[in-house]
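Below: one structure, written as structure tokens.
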Amino acid sequence: MRTNYLKKYIISSYILVWALIIFGAGTASLVFHAPPVIMWLVRNLIAWSPTYLLLIGWKNFRPDETRRAFVKRCFSGKVKLFPLLFSFALTFGISILSLLIFSIMEKKPMVSYFNPGTTALPLSIFLSFTSGPTGEELGWRGFMREEFNKKYAFLKSAVCQGLVWCFWHTLLWVVDSEFTDWRAVPYVISNIVVITSITVLMNIFLEKYNNLLYTVLLHFGFNIVYVFLDADIVFFVILTVLYLVITPVAVRLSPHTNKIKSTVQ
């Protein structure tokens, strides 16, 4: 019977990240009372878990190929400056537009919703970039995308990838969210919709350019706003609506979304 390497990888990644959150981040926070910067470093190590799980356990997930060949393929596409910048601007712009609409509704300036925190700005940007954007993409948009593309057409594959990636964050919704009352419901719904939509947008870029640098910047464009953002649940509702509008339009306009299955074997 053929081994289901995709299922094996997904289950392993969930077990690993939950163990790291409970025993790693939990210990650092509750036992050692680590300061914010140290906790950020711990979160970054956790964010890299899909990548080092894949590379360390490579023979358990892709025994018929070398790591070198896989990584080379993931970054094989030509890098074009404007599309690369646009990949960042797309998610960054959607978040800023959501904040603009929210600030107009609340009749407050946009800058009032940004909190620089206690970490220096350059360090905050560096830590944000070296978290999920660089730590997760090789596993999710590299390995997992190829495996789902063998099974499904573009949209179903992208949605499945998005849901796996989304629920990988489940424990963080509980331990790392300020929305613990009724607002938790729209917050979780927003996470499901937005993360799945972002995955679809990432797949559009990858179908055309086949280079993970695009998804790294798209991921970073989304994450960097939330390093400094201090907004209520209404912002996330607006964000959800925008992604529900923009993502189907992007799929409709892209000529690469009607592919039946990937040729990657």
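What you see is a predicted model, and the numbers here were worked out from it, not measured in a lab.
- Salt bridge present: Glu207 and Arg145 bring a charged side-chain N and a carboxylate O closer than 4.0 Å.
- Between His219 and the options Trp140, Phe129, Phe88, Trp165, a ring-ring contact (aromatic ring centres under 6.0 Å, His included) holds for only Trp165.
- Using cut-offs of 30° and 60° on the angle between ring planes, the pair Tyr214 and Phe205 is parallel.
- Minimum heavy-atom separation, Ile195 to His169: CD1-ND1, 4.1 Å.
- The minimum heavy-atom distance between Lys151 and Leu6, with the atom names listed, is CE-CD2, 4.0 Å.
- Counted by atom type alone, Gln161 and Thr199 present zero donor-acceptor pairs between their side chains at under 3.5 Å.
- In plain terms, the two heavy atoms of Ser124 and Val227 that are nearest each other are CB-CG1, 4.1 Å.
- Surrounding NZ of Lys59 are more than 12 heavy atoms belonging to other residues, nucleotides or ligands, all under 6.0 Å away.
- Side-chain polar atoms of Asn223 and Ser128 form no donor-acceptor pair below 3.5 angstrom.
- Atom CD1 of Ile22 sits about 11.5 Å away from atom CG of Leu30, to the nearest 0.5 Å.
- Val234 and Val111 fall into different hydrophobic clusters, where Ile, Leu, Val, Met, Phe, Trp and Tyr are joined by side-chain heavy atoms under 4.5 Å apart, directly or via other members.
- Considering CG of Leu217 and CG of Leu90, their distance stands at 12.0 Å, rounded to 0.5 Å.
- The aromatic rings of Tyr226 and Phe222 sit tilted relative to each other, their planes meeting at an angle between 30° and 60°.
- Hydrophobic clustering (ILVMFWY, side-chain heavy atoms < 4.5 Å, transitive): Phe236 and Met105 are in one cluster.
- Atom CZ of Phe61 is separated from atom CD1 of Ile10 by 10.5 Å, given to the nearest 0.5 angstrom.
- For Phe86, the CZ atom counts as loosely surrounded, since its 6.0 Å shell holds 12 or fewer non-hydrogen atoms of other residues, nucleotides or ligands.
- A distance-only check finds a donor-acceptor pair linking the side chain of Tyr52 to the backbone of Leu45 [under 3.5 Å].
- Between Gly139 and Leu54, the shortest heavy-atom contact is CA-CD2, 4.1 Å.
- In this structure, Phe228 has its ring center no closer than 6.0 Å to that of Phe114.
- For the pair Tyr5 and Arg62, the minimum side-chain heavy-atom distance is 4.5 Å or more.
- Counting heavy atoms from C-beta on, the side chains of Thr134 and Trp48 come closer than 4.5 Å.
- Side-chain contact between Phe167 and Tyr14 is present, with at least one heavy-atom pair separated by less than 4.5 Å.
- Ring geometry for Trp58 versus Phe143: interplanar angle over 60°, hence perpendicular rather than tilted (30 to 60°).
- No hydrogens or angles considered: nothing links the side chains of Ser190 and Tyr243 as a donor-acceptor pair under 3.5 Å.
- In this structure, CG in Leu218 is found 12.5 Å from CG in Leu213, a value given to the nearest 0.5 Å.
- Between Glu178 and Arg183 no salt bridge is recorded (no basic side-chain N to carboxylate O distance below 4.0 Å).
- Put simply, the side chain of Ser254 never gets that close to the backbone of Ala250: no donor and acceptor are under 3.5 Å apart.
- Within the model, atoms CG of Leu171 and CD1 of Ile46 stand 9.5 Å from one another, a figure rounded to the nearest 0.5 Å.
- Side-chain atoms of Leu206 and Leu212, non-hydrogen and from C-beta on, do get closer than 4.5 Å to each other.
- A side-chain donor-acceptor contact under 3.5 Å links Asn44 to the backbone of Leu127.
- Other residues, nucleotides and ligands contribute at most 12 non-hydrogen atoms within 6.0 Å of the CZ atom of Phe126.
- Rounding to the nearest 0.5 Å places OG of Ser103 at 5.5 Å from CE of Met110.
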